[in-house]
Asker: 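Mind looking over this structure? Questions follow.
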Amino acid sequence: MALARSCGVSRVLAKPADPEDILAAVHGELGLAHQAGEGAGSIGAAATTAAAAVGTELGSSIDDALVSARHALGALLDRHAVANPALGSELASLLGERMSSLRSVAARLAALEEMSLRLTGERNADAMLGVFLQAASAILDADCVAVCLLDSGEQRVRHLGALGVGRDLLMAAALDPQRLPGALLEQPLALRVQGQPALPAGHPAADGFLGLAIRDRNQLYGWMYCTRRIGAQPFSHEDERIGVTLGAQLAVAYENLCLYEVVQRHAAQLQLEAAARQQADRALRESEQRLRLSARILESTQESIMMTDAHAGIIAVNPAFEHITGYSEADVLGRNPSLLRSGRHDTAFYRAIWASLTSTGQWRGEIWNRRKNGQVYPERISINAVRGAGGEIDAYVSVSSDISALKAAHHQVDFLSNHDPLTLLPNRSVLTERMQQAIASARHGDRQIALLLFNIDRLQRINDSLGHEAGDALLQEVARRAGLLAGPADSLAHLGSDEFVLLLTECLDSDAIIVAVRRLIDEIAQPFHAGGHELIVTTSVGISIYPRDGANPSELLKAADVALSHMKDAGRNGFRFFKGEMNAHALRWMALETHLRRAIERNELSLHYQPQVSLADGRICSMEALLRWSSPELGQVGPGDFIALAEDTGLILPIGNWVIRQACMQNKAWQDAGLAPLRVAVNVSAHQFTAGTVPAVVREALRESGLAPQYLEIELTESVMMRDSEAAEVQLAELTGMGVSISLDDFGTGYSSLGYLSRFMLDKLKIDQSFVRNIITDPRSAAIAQATIALAHGLSLSVVAEGVETQEQLAFLQRIGCDEVQGFLFSRPLAADAMATLMASDARLALPVPLPLPVADPAKE
């Protein structure tokens, strides 16, 4: 102190001293007391604008003040003749340190000023929190900063923002008074913790914590805290005061934002009120117009409107009422609405209407009323009670619609939903219901009933030739004729398309059923005239009997359908009774179809090869590829069982394509293995030719396999030529152009038209095994075979005989000039590996010594 007085210094500070005290002392010694007063006041003030102003002023003049202070200090020491250099150096160093701290304070105050300006301009809470978190992190050199702002009731978190830590970690403890950070709400002062604070689990590790409640004298706004990582400088008293200032800034900004939101809400409310006033003004202006419109509506509406007084005396009706009821307004004024009663409702019905009007003020429903002319009609009506200001009923208003047309339309819809619109016969749903009733009656009476399922044979031909109008007229006539045969207890139904059902409920025995069926068939077969044409149609009938063939409608219909299918397969124009084996056959057919659809993808199909032997030398000259199916569930399935099914379901197309491709691939593989090249024959279905894809499939199979065309032969039956001869001729010409051979299989079993042989480009005829089987014992079969060979040779065609099993058959075929044979005598169909072995062995068929053909004796003739 004596040294200070000797140097002319009036104020001595204890070490360490706060920056603001140093600043005030320096300014006092330099005669800048007003600056020191402003600095000290700014740091101690809670108002954020004052702190920002001081920070700006200090930031701009701190360096000049340091230089001036050093000069003044040197002059002071000289004036008092203090010649101690060490003292001067120490004072100058001390002054520099204090000024450095002051420079840091100035930087923080500048940052505070910038933050204050940005917070003031924000009108969004999330954006405001983002600005604050970034600024607080920079000013306090914090790694984690979190802020929680409460609602006006101080009970609920309204906004929660965090930097360096997840918001979800803090939400659970945001309002918990027992845990940080929620415990800050109970702290009257800032909380500064050295070391690791007890923060929620998962919070980044911290070695310093500074937190405080954000509040002013009247309101608690929330809390804020900052943490620094482990190893960082702990928070100082200066950091604490800066933190308090940050909290004060945020409190002011948040309150301003809340006030702004209040102002916005009030402004919106004012706008709504202004809009409501405008709407009310418009309503007032439009009220007279509405009254005029209401009067116009009463006059023009199609709804009947009637108004009565509180005692149910009619006081007004509209023109629609007059039109619907036939009563004029003059007829009904002062009268009770009961004048419209139809007599279809009892007193309890009307009592319920008045009870509803009394309790609820309204009633809605349907009612039958009577017109002036006595006609009863249905109405859909709504009656409402009109109450006055005191709550008493002043009047009643009813609005009703005549729903006579609607009722008729509903009846029509109900009828059409249960009947066929063309024939007006019951449909399947009504038939099922009647069958259930008939079955129940038959069960109690120990009787049987018969279900006759029938349709028109080849109706499609009539539709295609004469048009669907003629077909529809025929169906209507069939319904009329069948209806004449149905008894009063029987039911006739149209299931759709050309399918009808006649349910006979009084069947004494099978003979009575047969008589009824024959009458039905004969009646439908009577001539029918349509479009100037006389038509005669036939019908096929499938019959099932309860209880023998089924116990419910579904089983009976299914049984009759199976019987009908068998009748069609047998040639149509007749009837069949259902038998158990029919159903077994149908079930097997369905099972085969299901498994066949998966056969290709499961690799269940394979090809076997049967060699064809030349009768010139007994060597194998070609082979036929035969399809085989080995099912894990069904075992070996014969071609006769599944080929027809494949054609019926359309599966023959992918299967046939697979066969062509597989045969080409296997033949090429044999040739690549060094076996002698032989031609392989593949059977192609008429359905494949109808699809028109055979040339494209063959071309692709040859391209993919690399097989030369001359080693592939396509076998077709006469049905291919009969279906669409022109299309088949084009495809066969294209195949021949590729170099593929064509053979006609099963010759003699069909129509065997010689015209086809001359038109189509063929290379080979195959005599069916049905002729070869009896060629020794049946002269006719022998003659047919001999004539076929002569005919083929005359057309330059080679001939193959199928099904050769005995030496006698072989010898006879050799004598009549057959070129090739195929059958068990030489080899059964073989799998690919076995066929390769046979080809490699160069096996030959032992040919008999040729004998001359028998010559007829002229003397005997």
Side-chain angles (χ1 to χ4, degrees), residues 18-19 43 46 48 51 101 104-105 107-112 114-116 118-119 125-150 157-215 220-254:
D18 291 329
I43 292 176
T48 60
S101 299
S104 173
V105 172
R108 288 184 168 187
L109 292 178
L112 278 171
E114 180 183 358
M115 181 193 74
S116 176
R118 292 185 63 185
L119 291 180
D126 292 333
M128 181 186 73
L129 284 181
V131 171
F132 180 81
L133 292 171
Q134 293 290 341
S137 175
I139 293 172
L140 293 174
D141 190 22
D143 296 292
C144 297
V145 182
V147 175
C148 173
L149 297 176
L150 307 179
V157 175
R158 187 177 182 189
H159 303 286
L160 180 62
L163 182 66
V165 62
R167 295 175 64 254
D168 296 339
L169 293 176
L170 305 177
M171 184 59 73
L175 299 177
D176 190 346
Q178 304 299 324
R179 296 188 295 162
L180 288 177
L184 294 173
L185 297 174
E186 308 293 332
Q187 295 291 326
L189 301 175
L191 176 63
R192 183 155 45 100
V193 178
Q194 303 300 329
Q196 298 184 2
L199 292 170
H203 194 286
D207 203 15
F209 176 88
L210 175 60
L212 64 144
I214 302 173
R215 58 159 53 93
L220 174 64
Y221 297 105
W223 51 257
M224 63 163 284
Y225 78 84
C226 305
T227 65
R228 288 177 179 169
R229 62 185 178 277
I230 296 176
Q233 188 71 22
F235 289 107
S236 64
H237 179 67
E238 176 186 337
D239 293 329
E240 180 179 334
R241 301 188 66 169
I242 292 295
V244 171
T245 303
L246 285 169
Q249 291 273 19
L250 182 58
V252 172
Y254 183 51

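Since the structure is predicted, the reported quantities are computational estimates derived from the model, not experimental observations. Along the sequence shown, the residues carry numbers beginning at 1. Note that these values count all heavy atoms, side chains included, but never hydrogens, waters or copies made by symmetry.
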Asker: Quick check: do Leu112 and Leu246 have side-chain heavy atoms less than 4.5 Å from each other?
Answerer: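 When only atoms from C-beta onward are counted, Leu246 and Leu112 do touch, with a gap below 4.5 Å.
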Asker: Holding to ring pair (Phe, Tyr, Trp, His ring centres under 6.0 Å), I want the full list of residues that pass it with Phe209, two or more places apart in sequence or in another chain.
Answerer: Tyr225
Asker: Under the salt bridge (charged side-chain N to carboxylate O under 4.0 Å, His left out) rule, collect the residues that match up with Asp176, sequence neighbours excluded.
Answerer: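 Listed in chain order: Arg179.
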Asker: To the nearest 0.5 angstrom, please state how far the CG atom of Asp143 sits from the CG atom of Asp141.
Answerer: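 Going from CG on Asp143 over to CG on Asp141, the span is 7.0 Å.
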Asker: Can you tell me how far apart CG (Leu129) and CG (Leu160) are? Round to the nearest 0.5 Å.
Answerer: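 That separation rounds to 8.5 Å.
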Asker: Taking C-beta and beyond as the side chain, do Arg215 and Leu185 meet within less than 4.5 Å on heavy atoms?
Answerer: no
Asker: Below 4.5 Å, heavy atoms only, C-beta onward: do Leu212 and Met224 meet side chain to side chain?
Answerer: yes
Asker: Using a 3.5 Å distance criterion without hydrogens, assess whether the side chain of Trp223 forms a donor-acceptor pair with backbone atoms of Ala146.
Answerer: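 Absent.
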Asker: Which atoms form the tightest heavy-atom contact between Thr227 and Ala206, and what is the distance?
Answerer: CB-CB, 3.6 Å
Asker: Between Ala198 and Leu180, which heavy-atom pair has the shortest distance, and what is it?
Answerer: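 For Ala198 and Leu180, the tightest heavy-atom pair comes out as O-CB, 3.6 Å.
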Asker: What are the two closest non-hydrogen atoms of Ala162 and Leu170, and how far apart are they?
Answerer: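 Shortest heavy-atom contact: CB-CD1, 4.2 Å.
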Asker: Minimum heavy-atom separation for Leu169 and Gly202, please, with both atom names.
Answerer: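 In terms of heavy atoms, the two residues are closest at CD1-O, 3.4 Å.
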Asker: Rounded to the nearest 0.5 Å, how far apart are OG1 of Thr245 and CD1 of Ile139?
Answerer: 9.5 Å
Asker: Taking atom CZ of Arg118 and atom CD of Gln249, what is their separation to the nearest 0.5 Å?
Answerer: 13.5 Å
Asker: Would you say that His203 contacts Cys144 through its side chain, given a criterion of any heavy-atom pair below 4.5 Å between the two side chains?
Answerer: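 In contact.
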Asker: Please name all residues satisfying side-chain contact (heavy atoms from CB on, under 4.5 Å) with Arg192, sequence neighbours left out, ordered by chain then number.
Answerer: Gln194, Leu210, Phe235, His237, Glu240
Asker: Would a 4.5 Å heavy-atom cut-off, applied to side chains only, mark Val145 and Leu140 as touching?
Answerer: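 No. Closest side-chain heavy atoms not under 4.5 Å.
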Asker: Work out which heavy atom in Val165 is nearest to a heavy atom in Pro204; give both atom names and the distance.
Answerer: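 Between these two residues, the closest heavy atoms are CG2-CD, 3.7 Å.
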Asker: Leu150 and Cys148: which non-hydrogen atoms are nearest, and at how many Å?
Answerer: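 Here Leu150 and Cys148 meet closest at CD2-SG, 3.9 Å.
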Asker: Roughly how far apart are Met128 CE and Leu250 CG, rounded to 0.5 Å?
Answerer: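 Output value for this atom pair is 5.5 Å.
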Asker: Please report the interatomic distance CZ(Phe132) to CG(Leu149), rounded to the nearest 0.5 Å.
Answerer: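 CG of Leu149 is found 9.0 Å from CZ of Phe132.
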